[in-house]
Asks: 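Quick one: this structure, given as structure tokens, is what I'll be asking you about.
It should be emphasised that the depicted structure is a prediction, and the values quoted were computed from it without experimental measurement. The residues of the chain are indexed from 1 along the displayed sequence.
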Amino acid sequence: MQNPFFKQIENKTGVSMEEIFALANAIQHADFSNEKQVRKIIKRVSKVANKPVTKELEDQIVKSIVQDGKSLDLGKIQKMLG
């Protein structure tokens, strides 16, 4: 049986909960000092969110994340996305 809360999220976002959980798992276990992993996550988030990211913006986000290497500063990334 599927949780109605998750079904509501899927209906609003158009993204399956399996995909959301897989992305969350990838982010949770990512090495944010590894540029290749960070780029892969950025592309995956972009695809799930249906928001294209230019090469320049991707480079800025990667630089911001890899510089710290410990965590993802969502506030900083949100400002970059405008």
Asks: Does the side-chain contact (heavy atoms from CB on, under 4.5 Å) test come out yes or no for I20 and I9, once each step is laid out?
Replies: CA-CA 10 Å; I20 292 171; I9 291 172; 4.2 Å; yes
Asks: Is there a side-chain contact between M17 and K7, using heavy atoms and a 4.5 Å cut-off?
Replies: no
Asks: Under 3.5 Å, which donor-acceptor pairs link side chains of residues 45-54 to any protein atom two or more places apart or in another chain?
Replies:
unit_1	atom_1	unit_2	atom_2	d
S46	OG	K51	O	2.4
T54	OG1	L57	N	3.1

Asks: Hey, what do you get for CD (E19) to CZ (R44), rounding to the nearest 0.5 Å?
Replies: 7.5 Å
Asks: Distance from E35 atom CD to I65 atom CD1, nearest 0.5 Å?
Replies: 10.5 Å
Asks: If you measure from the Lys or Arg side-chain nitrogens to the Asp or Glu carboxylate oxygens, is any gap between K63 and D59 under 4.0 Å?
Replies: no
Asks: Check side chain to side chain contact (heavy atoms under 4.5 Å, CB included) between A30 and all other residues, then give those that pass, not counting sequence neighbours.
Replies: F32, Q37, I41
Asks: Distance check, rounded to the nearest 0.5 Å: N3 atom CG versus Q8 atom CD?
Replies: 10.0 Å
Asks: Taking everything shown except K36 itself, do over 12 heavy atoms lie less than 6.0 Å from its NZ?
Replies: no
